[in-house]
K.L.:
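I'd like to ask you about the structure that follows.
All of these numbers come straight from a predicted model, not from anything done at the bench.
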Amino acid sequence: MTTTNGGGVDPPQRPEEEEDEEDAAAGSSCRVTATNGHHHQQQLVVSGELEGGGGGGREKEDDELKRKWAAIERLPTADRLRLSLLSSTRGGGSNGDVSEGGGGAASSELEVVDVRGLGAAERRAVVQRLVADVKHDHVRMLRKQRERMERVGVRPPTVEVRWRDVCVEAECQVVSGKPLPTLWNTALSRFSLLAAKLGFSHHQSKVQILEIVSGIIKPSRITLLLGPPGCGKTTLLKALTGRLNKSLKETGEIEYNGVKLDQFVPAKTSAYVSQYDLHVADMTVRETLDFSARFQGVGSRAEIMKEVIKKEKEAGITPDPDIDAYMKAISMEGLQRSMQTDYIMKIMGLDKCADVKVGNAMRRGISGGEMKRLTTGEMIVGPCKVLLMDEISTGLDSSTTFQIVSCLQQLAHISEYTILVSLLQPAPETYDLFDDIILMGEGKVVYHGPKNLIMTFFESCGFKCPERKGPADFLQEVLSKKDQQQYWSRSEQWYNFITVDQFCDKFKASQVGQSLAEDLSKLYEKSKANKNALSCSIYSLSKWHLLKACFDRELLLMKRNAFLHITKAVQLGLLAIITGTVFFRTHKNFDIVSANYYMGSLFYALILLMVNGIPELVMSISRLPVFYKHRDHYLYPGWAYAIPAFILKIPASLVAALSWTSISYYLIGYTPEAPRYFRQLLVLFLVHTGALSLYRCVGSYCQTIAVGPIAATMSLLVILLFGGFLIPRPPGASQAIISNDKIRICHGRDQEKSKDIKIGMRRMALPFTPLTISFRDVNYYVDTPPEMRKKGYMGRKLQLLRNITGAFQPGILSALMGVTGAGKTTLLDVLAGRKTGGVIEGDIRIGGYPKVQQTFSRISGYCEQNDVHSPQITVGESVAYSAWLRLPAEIDTKTRKEFVDEVLEIIELDEIRDALVGTPGLMLIKRGGELIYAGPLGQHSCKVIQYFQSIPGVPKIKDNYNPSTWMLEVTSTSMEAQLGVDFAQIYTGSSICKDKDELIKGFSMPPPGTSDLHFPTRFPQKFLEQFKACLWKQFLSHWRTPSYNLVRIVFMAFSSIIFGVLYWQQGNIRHINDQQGLFTILGCMYGITIFTGINNSQSAMPFVAVERSVMYRERFAGMYSPWAYSFAQVAMEIPYVLMLALLFMLIAYPTIGYAWTAAKFCWFFYTMFWTLLYFVYFGMLIVSITPNLQVASIYASSFYMTQHLLSGFVVPPSQIPKWWIWLYYISPMSWTLNLLFTTQFGFEDSSNILVFGETKPIAAFVRDYFGFHRELLPLSAIILAAYPVLFAILYGYSISRFNFQKR
């Protein structure tokens, strides 16, 4: 190995493909050459003579370590920072095969290694030795690091965060009725913003989100942030990191170590973990963490390490080899792959899925719990010592949450981190890990102080937490008007509801509150602060390393999306062949008519290469949320993200231009001269490159998949209009909205209208038949992932469930438990019939009869882990819609409505029923899908506790410990290895299992006198009722999606105005004198129809894609026929398309100067309506037959360009070769132009124009040149109307037959 003491030299890296195969040979000697600044070679030779022999004792091994370490210490400081001693087995490499218990380095040979060049196996081996068992070894590892630093008097930098009188308020537009983003409310809000900028008054109100909030979080303490949803927790966390939305008004002071936020970079000093999981679906877990670690840099680690090794050398201290290697490895800046990644994956439990792609809702990837842990790990992998974490436990089991918070507690207590964690409902044992509590309600701080004093505070207020009640649940419920009374402990006094304001006043008067105020009044002693504690640089890497890292990331994603790029290249090649044969040179002459064909072919090539870049828009927009997250965390700037995206797409543009020019140039018959060929190649290459850049620019500005395609079409339209072919050259900010009622509630003026709490009311019960679900020997297999095959797994199938047997009985509430990845969701998916792939084995019975999915979906409700809902439907409407389609038809509307109201009240959603949903016994299973307990729970879980405690070696449960967390801990994989047992085998041989088997056998036989499930109809409601319900939902979704409908209405109005201005009165028959004038107005007809059509098709695709995911869930639930859904969605488009066609007719038709006769006006309106409709339906169809929007955009662009080429305008029908004429007749656009040209000019027998040197009636020219015959007008009208009908039917069929959701 060679290390260089120079600056700016990239560390040695191994390719990713080689890392899993590397096996560094451990020889008898290791030579490390270091070069100092004077270019003097100094060699360190560690030979076999220095190594301990086979029979040496501990003293000899220690001497060996000291001698080798002394050799390293003779090197310059820069080299000592990179070199360390690592153990390897004799005669072999460091392959990472270490024992569970770890072990020291002394029992193996020690090699001098450059930590920058450690391979994947070596990094994993070091981390495995340090943290073999996270529960026990992690704290030891942190203590070793701290002890090493304390021995030489080095303290890590610490940060104290305090805030005083922080207020955050939002300015909202007040609307009447529900504050929903309907088309009307959105338009009104935009006009109000415009009016405000012009100086006019508008009705607005300020809503307080945080109200005079003060507090302090100190290093070496971990603080829990509690409060009900909507109390301001997220806003507080964002305010503390300086990440609040610019539209919010913030006042107050926030300081880090006494320094205000504007005097340093808070986003680089603190790590904010969002509650939303935003990741690139095509990257693996390891890649996501590696890039995050690379961009976040090492912070002050390098400076600390320099100081440590300097003082160790002075004191003659020899550090632990593994600790030394780890601390040096995580101090190396710019490494492509960091040991810190392996460490974070280990403590977050992500090492099992390290090489699995993250995935998304439509693409199988890691589980929801693993996704949440990845979100946390992505931020804490960096060097920040302040961690502000928002709802990090969503989707995690209590045991995993406990493990993660335990690691965070250790980071706080040992490594002196400052940590504030927001959790919604932490288990008691997780709650006990925290030092301090911040309790919030209604944007105010109710309590902020030590955890051990909070119960005393509430007892002084008259409320006491009952035994076996989770303290976190109590703290949140005691603020609730519905739940507060049950905790009132002063029976001798009359209870009155205590508001949040009253609690706040009591807290300020308490000893804890006064102590907090006293701490805040004292100024922070800046002399104590470490100079490296706060970051004053925006980015952690140099500009060159930022750019290089972004290049590596973009190249990786291009490889992962190679299918899309190959598909686009193949598409271009096929279209080049079609175009070359359509414009085939054999029937071309050198005259003015042929010149038009050549111009048409060039025009088509330019438009084709521009349209070919539309998928880039979709891909760019889909990655924007992740980019914005990284940008806001200052991982990299926008230019570092944009430049690689531009440069790495240059080869794709070159391939596109080369494939098109090479195929079409000589087929069309351009001048066969090499310079002209290359000039055309250069022009087309630049056009394609410019188009990709244009769409990336449009996507970054519009930011949403609904608006982006519309803006892209608009830009393409402008380029088309002013490109010189259709028209020849002459010889935002958004604003929040709120209702008047909500304003009154927020300002406290509507409290007198609050209803009394109903206690003990009788609940409504709808009739039903109790049934038992039993299942025996259920197995589930999937194809082995490629990542596992690369690691040596030879099986073709991977088993996720193994012989699961059990039953769910009426009247018994069963809990399905297991650690993350155990197979809980998989089992429920199998039982519910939601799996779309894999092989299912076993017997599943309902009431003793074999399960039939169609009837089972009628009587079952599956609450899935992933929340998939229509984003523009309110909470109340979602429940009402489900009840409408799932309850039996015999239940009348009034009863159904009462039932919905009661359900909303029970699940405490009544207060937010008008809020939009928005845009994502006991059975115990162990990892691997094996059953380890299925039996009764017992009072206070006594029976399940007794069962596991009867197994030798299992630790007893502690007092007041959560039984579910204890069970998951004692049945973990590490505990199995420690005890040397298999819980699945123990359960199989137990009496409980045998009793359960006998019980299942009984459930497998139908009870006497019963019959199998049967319904006279497949769905609860008749088809017409299904259609009405789906139409109602579609109406609401369309009306509340301004990004879809309002934007396309604005686009149509803008396009109509543009066309009207550019073609002012050129459609008037009296202004057309020659063929150029006619071609110009025909080009206007062609341009406005095809581009408004493409716009409607592109804008419909993302809207349909969102609703499709919801439809998959609702279809599995048996709510409706897919045909009812598709017909409702199809029908809902009709009024909007009518509006668009009418808008064009009112603006563009008169300004362009078309004839004002009833017949021509009606024919034009008829043609525009059906044209826009089939484009919309085509967009819906293409989404239904493709897995995602990127692929849909590629296929759609092929359709658009085929329409463009064979519509009869670029190449008239008489000039289309006979082998392609069939494409002309099946092209919908050809029938659109047929109707438009014929109805406007096909009857003008009396108007003559000069055509290619001769005078002809316009009608004759249209007939002879384009082949449009007015006698066939009725047939053309029928065929045009048939296309949207055909596309709608195909859409309904595709939606009902295809399912691209992989589960």
K.L.:
Partners of Asp632 by side chain to side chain contact (heavy atoms under 4.5 Å, CB included), sequence neighbours excluded?
P.N.:
none
K.L.:
To the closest 0.5 Å, what do you measure between CG (Leu225) and CG (Leu439)?
P.N.:
9.0 Å
K.L.:
Whether the side chain of Arg286 engages the backbone of Ala354 through a donor-acceptor N/O pair (distance < 3.5 Å, no angle test) should be reported.
P.N.:
no
K.L.:
Take Met149 and Arg146 through the test side chain to side chain contact (heavy atoms under 4.5 Å, CB included) and record every step on the way to the result.
P.N.:
CA-CA 5 Å; Met149 296 171 65; Arg146 179 161 183 170; 5.8 Å; no
K.L.:
With a cut-off of 6.0 Å (strictly less than), are more than 12 heavy atoms of other residues, nucleotides or ligands near NZ of Lys346?
P.N.:
yes
K.L.:
Can you tell me how far apart CD1 (Ile414) and OG (Ser220) are? Round to the nearest 0.5 Å.
P.N.:
10.0 Å
K.L.:
Verify whether one side chain among Gln145 and Tyr326 offers a donor that lies under 3.5 Å from an acceptor in the other.
P.N.:
no
K.L.:
Taking everything shown except Lys629 itself, do over 12 heavy atoms lie less than 6.0 Å from its NZ?
P.N.:
yes
K.L.:
State, with a plain yes or no, whether a side-chain heavy atom of Val512 is found less than 4.5 Å away from one of Pro450.
P.N.:
yes
K.L.:
Pair up each side-chain donor or acceptor in residues 944-951 with any protein partner under 3.5 Å, not counting sequence neighbours, and list the distances.
P.N.:
| from | atom 1 | to | atom 2 | distance (Å) |
| --- | --- | --- | --- | --- |
| Gln949 | OE1 | Ile957 | N | 2.9 |
| Ser950 | OG | Tyr947 | O | 2.4 |

K.L.:
Listed by chain and number, what are the ring-ring contact (aromatic ring centres under 6.0 Å, His included) partners of Tyr256, not counting sequence neighbours?
P.N.:
Phe264
K.L.:
Taking the side chain as everything from C-beta on, heavy atoms only, tell me whether His279 gets closer than 4.5 Å to Leu374.
P.N.:
yes
K.L.:
Does the gap between the ring centers of Phe457 and Tyr447 come in under 6.0 Å?
P.N.:
yes
K.L.:
Inspect the contact between Glu147 and Arg143 and indicate whether a charged nitrogen and a carboxylate oxygen are less than 4.0 angstrom apart.
P.N.:
no
K.L.:
Could you check if a side-chain atom of Val161 sits within less than 4.5 angstrom of a side-chain atom of Ile216, using non-hydrogen atoms only?
P.N.:
no
K.L.:
Looking only at non-hydrogen atoms, find the nearest pair between Leu979 and Gly953 and report the distance.
P.N.:
CD2-O, 3.4 Å
K.L.:
Give a yes-or-no answer on whether the side chains of Arg243 and Thr241 include a donor-acceptor pair shorter than 3.5 Å.
P.N.:
yes
K.L.:
Salt bridge (Lys or Arg N to Asp or Glu O under 4.0 Å) with Lys469: which residues, sequence neighbours excluded?
P.N.:
Glu477
K.L.:
Test side-chain hydrogen bond (donor to acceptor under 3.5 Å, both in side chains) on Thr456 and Glu459; report intermediate values, then the result.
P.N.:
CA-CA 5 Å; Thr456 305; Glu459 288 176 5; 5.1 Å; no
K.L.:
Below 4.0 angstrom, N of the basic side chain to O of the carboxylate: do Lys451 and Asp436 qualify?
P.N.:
no
K.L.:
In sequence, state the C-alpha distance, the side-chain angles, and the governing distance for Phe291 and Val381, and then conclude on side chain to side chain contact (heavy atoms under 4.5 Å, CB included).
P.N.:
CA-CA 10 Å; Phe291 277 106; Val381 75; over 6 Å; no
K.L.:
Is there a donor-acceptor contact under 3.5 Å linking the side chains of Gln410 and Ser406?
P.N.:
no
K.L.:
Quick check: closest heavy atoms across Val358 and Val280, and the distance to 0.1 Å?
P.N.:
CB-O, 3.8 Å
K.L.:
Salt-bridged, Asp324 to Arg148, with N to O below 4.0 Å?
P.N.:
yes
K.L.:
Rounded to the nearest 0.5 Å, how far does CG of Asp342 lie from CZ of Arg123?
P.N.:
5.5 Å
K.L.:
Measure across Ser331 and Ala302 and return the closest heavy-atom pair with its distance rounded to 0.1 Å.
P.N.:
O-CB, 3.8 Å
K.L.:
Please check: side-chain N/O of Asp277 versus main-chain N/O of Thr375, any donor-acceptor pairing under 3.5 Å?
P.N.:
no
K.L.:
Whether the side chain of Lys233 engages the backbone of Gly227 through a donor-acceptor N/O pair (distance < 3.5 Å, no angle test) should be reported.
P.N.:
yes
K.L.:
Side chains of Met345 and Leu289: does their closest heavy-atom pair fall under 4.5 Å?
P.N.:
yes
K.L.:
I want to check something: taking the side chain as every heavy atom from C-beta on, are Met141 and Ile323 in contact at a cut-off of under 4.5 Å?
P.N.:
yes
K.L.:
In terms of side-chain geometry, is the basic nitrogen of Glu416 or Arg155 positioned less than 4.0 Å from the acidic oxygen of its partner?
P.N.:
yes
K.L.:
Just by modelled atom types, is the Glu160 backbone N or O under 3.5 Å from a matching donor or acceptor in the Asn257 side chain?
P.N.:
yes
K.L.:
Kindly indicate, with the supporting measurements, whether the criterion side chain to side chain contact (heavy atoms under 4.5 Å, CB included) is fulfilled by Asp982 and Glu976.
P.N.:
CA-CA 6 Å; Asp982 186 331; Glu976 276 190 326; 3.8 Å; yes
K.L.:
How about Ser393 and Leu423: do any of their side-chain heavy atoms sit closer than 4.5 Å?
P.N.:
yes
K.L.:
Leu240 versus Ser270: any side-chain heavy-atom pair under 4.5 Å?
P.N.:
no
K.L.:
Donor-acceptor pair, distance only, cut-off 3.5 Å: does the side chain of Thr430 make one with the backbone of Pro426?
P.N.:
no
K.L.:
Should Gln425 and Gln476 count as side-chain neighbours, where that means a heavy-atom distance under 4.5 Å?
P.N.:
yes
K.L.:
Give the C-alpha distance, both sets of side-chain angles, the deciding distance and a yes or no for side chain to side chain contact (heavy atoms under 4.5 Å, CB included) between Leu130 and Tyr343.
P.N.:
CA-CA 9 Å; Leu130 290 173; Tyr343 161 68; over 6 Å; no
K.L.:
Heavy atoms only: give me the nearest Leu224-Tyr431 pair and the separation to one decimal.
P.N.:
CD2-CD1, 3.7 Å
K.L.:
Can you see which heavy atom on Ile222 is nearest to which on Gln409, and at what distance?
P.N.:
CD1-N, 4.0 Å
K.L.:
Any side-chain donor-acceptor pair under 3.5 Å between Asp435 and His413?
P.N.:
yes
K.L.:
Check this for me: does any side-chain nitrogen of one of Arg301 and Glu303 sit under 4.0 Å from a carboxylate oxygen of the other?
P.N.:
no
K.L.:
Is there a donor-acceptor pair under 3.5 Å between the side chain of Thr158 and the backbone N or O of Pro219?
P.N.:
no
K.L.:
Could you grab the distance from atom OG of Ser540 to atom OH of Tyr634, nearest 0.5 Å is fine?
P.N.:
12.5 Å
K.L.:
Give the minimum heavy-atom separation between Trp163 and Leu236, together with the two atoms involved.
P.N.:
NE1-CD1, 4.0 Å
K.L.:
Can you measure from CG (Leu420) to OG (Ser422) and round to the nearest 0.5 angstrom?
P.N.:
8.0 Å
K.L.:
Can I get a per-line list of side-chain donor-acceptor pairs under 3.5 Å for residues 384-392, giving both atom names and the distance, sequence neighbours left out?
P.N.:
| from | atom 1 | to | atom 2 | distance (Å) |
| --- | --- | --- | --- | --- |
| Lys385 | NZ | Pro157 | O | 3.1 |
| Lys385 | NZ | Ser415 | O | 3.2 |
| Asp390 | OD2 | Thr234 | OG1 | 2.6 |
| Asp390 | OD2 | Tyr272 | OH | 3.4 |
| Asp390 | OD2 | Gln275 | NE2 | 3.3 |
| Glu391 | OE1 | Leu424 | N | 3.2 |

K.L.:
Please round to the nearest 0.5 Å and tell me the distance separating atom CG of Asp351 and atom CD1 of Ile344.
P.N.:
12.0 Å
K.L.:
Regarding Glu378 and His633, do their side chains bring together a donor and an acceptor under 3.5 Å, going by distance alone?
P.N.:
no
K.L.:
Applying salt bridge (Lys or Arg N to Asp or Glu O under 4.0 Å), name anything that partners Asp432, two or more places apart in sequence or on another chain.
P.N.:
none
